[in-house]
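Just so you know, ligand 1 is whichever comes first in the structure, and atom 1 is the first atom listed for that ligand. Computed from a predicted structure; not experimentally measured. Counting from 1, the numbers follow the sequence of the chain as shown.
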Amino acid sequence: MIEGKLIVFSAPSGSGKTTIVKHLLNQEDLNLEFSISATSRAPRGDEQHGKEYYFMSAEEFKKHIKNDDFLEWEEVYRDNFYGTLKKEVYRIWESGKHVVFDIDVVGGLDIKKLYPERTLAVFVKPPSIEELKIRLKKRKTESEDRINMRIAKASIELATAPQFDYIIENNNLKEALDESYRLVKNYLNN
Ligand code: 5GP
């Protein structure tokens with residue numbers, strides 16, 4: 001099987017990692033494709049099955065766990081499962097592209113452990129927990145309870161940053177985008 005590289009972006013939600021990943025996907029010279037995760041959470045806003053996620057029931061997700069279909073999976077929030085299907089990564093590699101992930105810190109570090117020689121693991125750091133709260137509220141896609149759940153998790157996630165290959169501080173989006181591009185380009189060229 002052809003094996004490309006794996007570019008992992010992990011961060012507390014609201015840090016801007018999705019914006020960074022989207023930007024990188026638009027840079028054709030990087031030859032990246034997004035790893036669409038499976039999740040048991042409900043679609044938000046205009047999210048579509050097979051685009052942002054493969055949406056499925058918790059039962060279906062558990063069946064995939066049993067069948068050993070996942071490279072990694074996590075119960076990121078209570079009853080909300082998220083995971084990377086092995087066949088998603090193999091499909092992208094077979095198409096001759098490198099894989100880019102937008103996943104939580106535990107999943108990101110798991111992938112680095114599985115493929116240490118072909119993974120670049122990047123942590124995106126938000127300016128502060130306060131700023132994170134403001135960004136999540138602005139998004140207006142979730143209830144106060146869910147936002148608080150994400151904030152509580154963010155503090156724990158921030159502590160894992162030193163385990164990543166690289167930390168990008170997202171204080172200024174334009175700079176974070178440029179830095180991410182340079183970092184990935186350099187990694188793929190070596
Ligand atoms: P959201 O519900 O905001 O889309 O995602 C919640 C968290 O789950 C985010 O940190 C996101 O990066 C993470 N996530 C998405 N897909 C996966 C996955 O396949 N595996 C893991 N471990 N986390 C994921």
(request) Please identify which atoms of ligand 1 are closer than 4.0 Å to at least one heavy atom of R150. (result) 1 (P), 2 (O), 3 (O), 6 (C)

(message) Under 4.0 Å, counting heavy atoms only: does Y77 come that close to any atom of ligand 1?
(response) yes

(message) Which option wins on minimum heavy-atom distance to atom 6 (C) of ligand 1: W73, F81, Y82?
(response) Y82

(request) Establish, yes or no, whether the cationic atom of K153 lies under 6.0 Å from the six-membered ring centre of Y77 and within 45° of the ring axis. (result) yes

(request) Mark up the atoms of ligand 1 that fall under 4.0 Å of a heavy atom belonging to T84, in ascending order. (result) 19 (O)

(request) Report yes or no: do S15 and N170 form a side-chain donor-acceptor pair below 3.5 Å? (result) no

(message) Check for me whether Y53 has a heavy atom closer than 4.0 Å to any atom of ligand 1.
(response) yes

(request) Can you sort out the partners of Y187 under ring pair (Phe, Tyr, Trp, His ring centres under 6.0 Å), two or more places apart, ordered by chain and number? (result) none

(request) Give yes or no for whether the N/O distance cutoff of 3.5 Å, strictly under, is met between E157 and ligand 1. (result) no

(request) Could you tell me the residue and atom name of the protein heavy atom closest to atom 13 (C) of ligand 1, and the distance to it rounded to 0.1 Å? (result) D104 N, 3.5 Å

(request) Would you mind listing which atoms of ligand 1 come within a distance below 4.0 Å of any non-hydrogen atom of E74? (result) 22 (N)

(message) Minimum distance, heavy atoms only, to atom 18 (C) of ligand 1: which one of S15, P12, S37 is it?
(response) S37

(message) Just checking R44: does its CZ atom have more than 12 heavy atoms from other residues, nucleotides or ligands closer to it than 6.0 angstrom?
(response) yes

(message) Is any side-chain heavy atom of Y82 closer than 4.5 Å to one of E75?
(response) no

(message) I'd like to know if E52 contacts ligand 1, where contact means a heavy-atom distance under 4.0 Å to any ligand atom.
(response) no

(message) At less than 4.0 angstrom from any non-hydrogen atom of G107, what atoms of ligand 1 do you find?
(response) 22 (N)

(message) Within a 6.0 Å radius of atom NZ on K86, are there more than 12 heavy atoms belonging to other residues, nucleotides or ligands?
(response) yes

(message) Under 3.5 Å between any N/O of G83 and any N/O of ligand 1: does that happen in this structure?
(response) yes

(message) If we count only N and O atoms by modelled type, under 3.5 Å, do the side chains of E88 and Y54 hold a donor and an acceptor together?
(response) yes

(request) Give a yes or no on whether Y115 and L120 share a hydrophobic cluster (residues Ile, Leu, Val, Met, Phe, Trp, Tyr; joining criterion: side-chain heavy atoms under 4.5 Å apart). (result) no

(message) Over 60° means perpendicular and under 30° means parallel, so tell me whether F70 and H64 are parallel, tilted or perpendicular.
(response) perpendicular

(message) Less than 6.0 angstrom separating the ring centers of F9 and Y166, yes or no?
(response) no

(request) Any chance you could measure E157, atom CD, to T160, atom OG1, to the nearest 0.5 Å? (result) 7.0 Å

(request) State if V106 counts as touching ligand 1 under the rule of any non-hydrogen atom under 4.0 Å. (result) no

(request) Considering heavy atoms of the protein only, find what lies nearest to atom 20 (N) of ligand 1 and give residue, atom and distance to 0.1 Å. (result) E72 OE2, 2.7 Å

(request) Report yes or no: does a heavy atom of K17 sit under 4.0 Å from some atom of ligand 1? (result) yes

(request) Report the nearest protein non-hydrogen atom to atom 7 (C) of ligand 1: residue, atom name, distance rounded to 0.1 Å. (result) V76 CG1, 3.8 Å

(message) Within ligand 1, which atoms have a heavy atom of R41 less than 4.0 Å away?
(response) 1 (P), 2 (O), 4 (O)

